Amino acid sequence: MVSPAAAPWWQLQPPHPDEVLFIAIHQAYELWFKVIIKSLEDSMVDMQVGKPWSAYHHIRRAVKIMELLVKQISILETMDPASFLVFRGELNPASGFQSVQFREIEFLMGLKQPGFLKVFASEPDLQEALRRRLEGPDLESELYALLIRMRYPIPATVPVTPLDELSERDRAAALEALKQIYLHPAEHSVVYSLLESLVDLSTQLGHWRDNHVRVVSRLIGDKMGTGGSEGVGYLKATRAKKPFPLLMEVRTVL
Ligand code: HEM
């Protein structure tokens, strides 16, 4: 016997009409996260085969999508805090922590925190996907490997060492190489565009975090998160996580 197809979620009767908005917005994010991941992967492949212009093109697309995602979260501010509470309890323990794609994007940007693997302990496929990102290439290491192949005087340790473990000497040498690019952008226009597109990506991630904190504060104040964190306090602390630190540091040494 053929069982009747399950009704799509938008035909279900949610406890509160705003739940449709809540589900739709999360699904829209996940769709766009997929395209961002593809763009970041494509950019890394271009870096690996020595095509900085094409690598820049893919980052630019990811930046444009992030700009959209930054704006999109404010739609949730049309929800009343009391309306949200009608169905918030049912979300428990579902949470933004479960977005493996968001974590993949962070890892691809070089923000790799192995501790997040255990969030997916009960979903081996997702945990494996994240483990691959943890152990696999990321934009930061591929960028410096590309610059070395293009004969920029970046020490060989830079792409293979976590930046906070680099020796002072190698860190200073990498900064000096970046400084020359930043002092003469017209002579290094393609590489310069690529570096600045990564800064744009980092900036948009920061804007997303800021807007998420604002929306969450507005809707739940200082309540705990459904994923078990302290809520807004935890989210504010994540704003300190910034990808591509050398690209920010170079501005100080110019
Ligand atoms: C009513 C709206 C929302 C509220 C109240 C909310 C609340 C929270 C809270 C409290 C956390 C901290 C983790 C926890 O304990 O649950 C969190 C994390 C997160 N949320 Fe939201 N959120 C909302 C909308 C969204 C939307 C639309 C997205 C889109 C993808 C999203 C993605 C995330 C992600 C990725 C994290 C993990 C952040 C990190 O660890 O850096 N959230 N959210």
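Counting starts at 1 for both ligands and their atoms, in listed order. Owing to the predicted nature of the structure, the values given are computational and were not obtained by experimental measurement.
Listed by number with element, the atoms of ligand 1 under 4.0 Å from a non-hydrogen atom of L76 are 2 (C), 24 (C), 27 (C). Listed by atom number, the atoms of ligand 1 under 4.0 Å from G227 heavy atoms are 14 (C), 15 (O), 16 (O). Interface atoms of ligand 1 facing Y234, defined by a heavy-atom separation under 4.0 Å, are 12 (C), 39 (C), 40 (O), 41 (O). The distance from ligand 1 to the heavy atoms of F22 drops below 4.0 Å at these ligand atoms: 1 (C), 2 (C). Atoms of ligand 1 found under 4.0 Å from any heavy atom of R209 (numbered from 1 in listed order, with element): 41 (O).
Within a 6.0 Å sphere centred on CG of D222, other residues, nucleotides and ligands contribute 12 heavy atoms or fewer.
Checking only distances, W208 never comes within under 3.5 Å of ligand 1, N or O to N or O. At a 3.5 angstrom cut-off on N or O pairs, F102 does not count as close to ligand 1. Residue-to-ligand polar distances place H212 within reach of ligand 1: an N/O pair is separated by less than 3.5 Å. In terms of N/O distances under 3.5 Å, ligand 1 is not approached by E30.
Protein heavy atom nearest atom 1 (C) of ligand 1, with residue, atom name and distance: L219 CD1, 3.3 Å. Looking only at heavy atoms of the protein, atom 10 (C) of ligand 1 is closest to G225 CA, 3.5 Å. Among all protein heavy atoms, the one lying closest to atom 4 (C) of ligand 1 is V216 CG2, 3.7 Å. Of all protein heavy atoms, the one closest to atom 5 (C) of ligand 1 is F84 CE2, 3.7 Å. In this structure, the protein non-hydrogen atom closest to atom 12 (C) of ligand 1 is S229 OG, 3.3 Å. Nearest protein neighbour of atom 9 (C) of ligand 1, counting heavy atoms only, is L235 CD1, 3.8 Å. Among all protein heavy atoms, the one lying closest to atom 25 (C) of ligand 1 is H26 NE2, 3.3 Å.
Heavy atoms only, all atoms of each residue included: F120 and Q98 are closest at CE2-O, 3.5 Å. Residues I154 and A177 come closest through the heavy atom pair CD1-CB, 3.9 Å.
Atoms CZ and CD, from F116 and E104 in turn, are 14.0 Å apart once rounded to the nearest 0.5 Å. Between the CE atom of M79 and the CD atom of E77 there is a distance of 10.0 Å, given to the nearest 0.5 Å.
If you run ring pair (Phe, Tyr, Trp, His ring centres under 6.0 Å) between F102 and each of W208, F107, F97, only W208 comes through.
The pair R61-E41 does not meet the salt-bridge criterion, since no charged nitrogen lies less than 4.0 angstrom from a carboxylate oxygen. Checked for salt-bridge contact, K112 and E106 miss the test: no charged N lies under 4.0 Å from a carboxylate O.
Here the shortest heavy-atom distance to atom 36 (C) of ligand 1, taken over A94, G96, S95, belongs to G96.
Donor-acceptor pairing under 3.5 Å is lacking for the side chains of N92 and T226.
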Going through the checks in order, is the side chain to side chain contact (heavy atoms under 4.5 Å, CB included) test met by F84 and D18?
-> CA-CA 7 Å; F84 180 48; D18 283 352; over 6 Å; no
K118 and Q127: side-chain hydrogen bond (donor to acceptor under 3.5 Å, both in side chains), yes or no, with the steps?
-> CA-CA 8 Å; K118 63 176 183 289; Q127 193 179 49; over 6 Å; no
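With a heavy-atom cut-off of 4.0 Å, R103 touches ligand 1 through its side chain alone.
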